[in-house]
Amino acid sequence: VQLQASGGGLVQAGDSLRLSCAASERTFTSNAWAWFRQAPGKDYEFVAALRRSGGRASYADSVKGRFTISRERANNTVYLEMNSLKPEDTAVYYCAFARPDKGVILSALPDRYSYDYWGQGTLVTVSS
């Protein structure tokens with residue numbers, strides 16, 4: 001299965017964007033979905049994740065209250081709604097899905113190694 005991320009772009013500080021991540025197979029299921037980002041010269045950073053069991057979400061402190069992760073079951077698409085964007089949010093954003101047979105506990109949601117399928121990344125640039 002392949003993941004296709006989209007929705008990135010150039011915006012000004014304070015603006016909003018919604019990123020989308022669609023799986024190539026609509027019947028592909030997963031137990032956890034996540035967004036990570038990588039700013040220039042920096043390592044991957046966890047942004048947000050959603051677990052199927054209980055529908056629990058987890059967020060990085062830096063985006064809590066501004067970003068929302070959600071999933072549309074019908075088309076197997078995961079979204080990241082980003083509000084009140086800041087220049088420090090500038091990065092390439094990657095979506096990730098866990099294998100269907102892998103259970104991801106809540107504490108493991110921010111761990112990039114919990115995920116097995118990755119999208120190609122979509123660039124978000126926030127100007128001041």
Side-chain angles (χ1 to χ4, degrees):
V1 63
Q2 294 182 338
L3 305 183
Q4 180 68 44
S6 61
L10 172 63
V11 297
Q12 294 186 332
D15 285 351
S16 298
L17 273 178
R18 188 176 78 158
L19 306 183
S20 301
C21 180
S24 58
E25 299 175 14
R26 286 194 175 187
T27 58
F28 178 81
T29 60
S30 180
N31 293 314
W33 308 266
W35 289 93
F36 289 78
R37 66 187 181 187
Q38 187 174 32
K42 296 188 176 181
D43 202 355
Y44 282 95
E45 178 189 15
F46 168 73
V47 177
L50 182 64
R51 194 172 72 143
R52 173 194 292 274
S53 177
R56 294 286 301 273
S58 177
Y59 296 93
D61 288 341
S62 59
V63 307
K64 204 170 290 184
R66 299 188 298 123
F67 291 11
T68 303
I69 185 172
S70 62
R71 172 184 169 240
E72 186 172 329
R73 182 178 178 180
N75 59 13
N76 208 8
T77 299
V78 176
Y79 301 98
L80 184 68
E81 186 75 36
M82 305 186 295
N83 298 315
S84 302
L85 283 162
K86 304 175 181 180
E88 50 264 44
D89 294 318
T90 295
V92 177
Y93 284 71
Y94 298 89
C95 59
F97 287 20
R99 278 198 332 264
D101 62 342
K102 177 187 288 185
V104 181
I105 60 175
L106 194 60
S107 61
L109 287 176
D111 184 349
R112 58 184 288 195
Y113 296 104
S114 294
Y115 306 93
D116 307 282
Y117 300 92
W118 291 79
Q120 85 286 4
T122 184
L123 177 63
V124 173
T125 304
V126 184
S127 63
S128 58

Taking all non-hydrogen atoms of both residues, which atom of [X] and which atom of [Y] are closest, and how far apart?
X	Y	result
Cys21	Leu3	SG-CB, 3.9 Å
Ser128	Ala13	CA-CB, 4.4 Å
Ala34	Ala49	CB-CB, 3.8 Å
Tyr115	Leu109	OH-O, 2.7 Å
Ala22	Thr77	CB-OG1, 3.7 Å
Arg52	Thr29	NH2-CB, 3.5 Å

Checklist entry - Should Leu123 and Trp118 be regarded as members of a common hydrophobic cluster, given that ILVMFWY residues are connected when their side-chain heavy atoms come within less than 4.5 Å of each other, either directly or indirectly? => result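 Looking at the clustering, Trp118 is in the same group as Leu123.
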Checklist entry - So if you build clusters from Ile, Leu, Val, Met, Phe, Trp, Tyr with side-chain heavy-atom gaps below 4.5 Å, do Val124 and Leu80 land together? => result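 Both belong to a single hydrophobic cluster.
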Test item: [X] side-chain N/O and [Y] main-chain N/O as donor-acceptor pair under 3.5 Å:
X	Y	answer
Ser114	Val104	no
Arg99	Asp116	no
Ser127	Val11	yes
Tyr59	Ile69	yes

Does any part of the side chain of [Y], heavy atoms only, come nearer than 4.5 Å to the side chain of [X], both counted from C-beta?
X	Y	value
Ser62	Glu88	no
Trp33	Cys95	no
Arg66	Met82	no
Val78	Trp35	yes
Tyr44	Val92	no
Val63	Arg37	yes
Asp43	Arg112	yes
Ser30	Tyr117	no

Next on the checklist: Can you tell me how the ring of Tyr93 sits relative to the ring of Phe67, calling it parallel under 30°, perpendicular over 60° and tilted otherwise?
Outcome noted: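 Geometry flag for Phe67 against Tyr93: tilted rings.
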Checklist entry - Taking the six-membered ring for Trp, are Phe36 and Phe46 parallel (under 30°), tilted (30 to 60°) or perpendicular (over 60°)? => result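 The arrangement is perpendicular - the two ring planes meet at more than 60°.
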Next on the checklist: Quick one, Lys86 with Asp89, criterion salt bridge (charged side-chain N to carboxylate O under 4.0 Å, His left out). Give me CA distance, side-chain angles, the key distance, then yes/no.
Outcome noted: CA-CA 5 Å; Lys86 304 175 181 180; Asp89 294 318; over 6 Å; no
Checklist entry - Are a donor atom and an acceptor atom from the side chains of Glu72 and Asn75 found within less than 3.5 Å of each other? => result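 Looking only at side-chain atoms, Asn75 and Glu72 do form a donor-acceptor pair, the distance falling under 3.5 Å.
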